Amino acid sequence: MKKILISSSAPWESLVGYSRAVRVDSFVFVSGTTATNSQGAIVGVGDPYAQTIQILNNINAALQKAGASLQDVIRTRIYVRNIDDWEKIGKAHGEFFKDIRPATSMVEVSRLISEEILVEIEADAYVVGCNLI
């Protein structure tokens, strides 16, 4: 079993003790991902659709660093501050996963790490052929 840690170089990864993603053989596990840009600023404040788009782009970047892609995603977990936003969030998720159709869940939570963050998403992927990086 080979384990590869993927970093985004965010300072809080070492502070909190986590990796942006972890690849173990053919599996890639992407940590809870929020709508931050490369400078660490929150994108789409007040807009759950825009936040979901940014999150899924961030997840895609982490997957690529791990030698995977969105096509390899088998499960997503979506945490939302307001379940009434499910259609906006679901629309964005569907734009990325319409044909991939991973198993998914969407759960309302009372709080996320910042009041401005409306959505957080985790993703699991399975890479066929196990082309380790």
Side-chain angles (χ1 to χ4, degrees):
M1 178 178 82
K2 183 173 181 182
K3 181 169 92 170
I4 301 168
L5 305 180
I6 309 299
S7 175
S8 67
S9 301
W12 45 84
E13 286 179 14
S14 60
L15 178 69
V16 175
Y18 76 97
S19 296
R20 166 77 351 249
V22 175
R23 179 159 179 173
V24 179
D25 296 328
S26 293
F27 291 95
V28 180
F29 305 95
V30 181
S31 292
T33 304
T34 58
T36 53
N37 63 21
S38 59
Q39 293 79 39
I42 298 169
V43 173
V45 173
D47 184 345
Y49 173 85
Q51 286 196 8
T52 304
I53 295 293
Q54 180 67 41
I55 291 165
L56 294 172
N57 283 322
N58 291 350
I59 287 172
N60 188 39
L63 288 167
Q64 288 178 356
K65 284 184 178 181
S69 73
L70 290 173
Q71 291 292 324
D72 300 312
V73 172
I74 57 173
R75 180 164 180 74
T76 59
R77 292 169 200 83
I78 307 169
Y79 304 98
V80 302
R81 293 267 316 282
N82 182 353
I83 200 67
D84 292 337
D85 291 333
W86 75 268
E87 288 182 88
K88 296 171 189 169
I89 295 162
K91 179 179 189 266
H93 188 274
E95 289 171 9
F96 283 76
F97 292 111
K98 178 182 178 189
D99 296 324
I100 302 164
R101 300 184 61 184
T104 194
S105 54
M106 186 183 299
V107 179
E108 182 179 62
V109 296
S110 62
R111 293 177 66 188
L112 292 168
I113 197 78
S114 166
E115 286 296 315
E116 295 176 318
I117 295 174
L118 305 174
V119 183
E120 184 170 327
I121 302 176
E122 300 173 346
D124 300 336
Y126 180 79
V127 182
V128 177
C130 191
N131 56 338
L132 283 176
I133 56 175

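It should be emphasised that the depicted structure is a prediction, and the values quoted were computed from it without experimental measurement. Below, each value reflects all heavy atoms present in this structure, side chains not excepted, and no hydrogens, waters or symmetry copies.
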Quiz prompt | Glu115/Arg81 under salt bridge (charged side-chain N to carboxylate O under 4.0 Å, His left out): CA gap, chis, key distance, verdict | solution = CA-CA 9 Å; Glu115 286 296 315; Arg81 293 267 316 282; 3.2 Å; yes

Contact between [X] and [Y] at the side-chain level, heavy atoms closer than 4.5 Å - yes or no?
X: Val80; Y: Asp85; result: no
X: Val22; Y: Lys3; result: yes
X: Ile55; Y: Ile59; result: yes
X: Tyr79; Y: Glu122; result: yes
X: Asn57; Y: Phe96; result: yes

Between the side chain of [X] and the main-chain N/O of [Y], is any donor-acceptor distance below 3.5 Å?
X: Asp25; Y: Lys2; answer: yes
X: Arg101; Y: Ala103; answer: no
X: Gln51; Y: Thr34; answer: no
X: Ser31; Y: Ser19; answer: yes
X: Lys65; Y: Ser7; answer: yes

Shortest non-hydrogen contact between [X] and [Y], atoms and distance:
X: Asn37; Y: Val43; result: CB-CG2, 3.8 Å
X: Ser114; Y: Ile42; result: OG-CD1, 3.7 Å
X: Leu63; Y: Ala125; result: CD2-CB, 3.9 Å
X: Ile53; Y: Ala92; result: CD1-CB, 3.7 Å
X: Val28; Y: Ala68; result: CG2-CB, 4.1 Å
X: Asp124; Y: Phe29; result: OD1-CD2, 3.4 Å

Practice problem: If the plane angle is over 60° it's perpendicular, under 30° parallel, otherwise tilted; pick one for Phe97 and His93. | Solution: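 Tilted, since the angle between the ring planes falls between 30° and 60°.
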
Say whether [X] and [Y] are linked into one hydrophobic cluster, either directly or through other cluster members, by side-chain heavy-atom distances under 4.5 angstrom.
X: Trp86; Y: Val109; answer: no
X: Val16; Y: Leu112; answer: no
X: Val128; Y: Phe27; answer: yes
X: Leu118; Y: Ile83; answer: yes
X: Leu15; Y: Tyr18; answer: no

Self-check item: Sidechain N-carboxylate O distance under 4.0 Å for Arg77, Glu120
Solution: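 Looking at Arg77 and Glu120, the cut-off is not met.
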
Quiz item: Any Lys/Arg nitrogen of Glu87 or Lys91 sitting under 4.0 Å from an Asp/Glu carboxylate oxygen of the other?
Solution: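 Answer for the salt bridge query: no.
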
Whether the [X] and [Y] side chains hold a donor-acceptor pair (N or O, under 3.5 Å, no angle test) is what I'd like checked.
X: Arg20; Y: Ser9; value: no
X: Glu95; Y: Tyr49; value: yes
X: Asn58; Y: Gln54; value: yes

Quiz item: At what distance, to the nearest 0.5 angstrom, does CG of Asp47 lie from OG1 of Thr52?
Solution: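 Result: 8.5 Å between the selected atoms.
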
Quiz item: What's the spacing between Ile78 CD1 and Ile121 CD1 if we round to 0.5 Å?
Solution: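 Ile78 atom CD1 to Ile121 atom CD1 measures 5.0 Å (nearest 0.5 Å).
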
Quiz prompt | Asp84, Ile117, Ile89 screened by side chain to side chain contact (heavy atoms under 4.5 Å, CB included) with Pro48, the one that passes | solution =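 In the set Asp84, Ile117, Ile89, the residue that makes a side chain to side chain contact (heavy atoms under 4.5 Å, CB included) with Pro48 is Ile89.
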
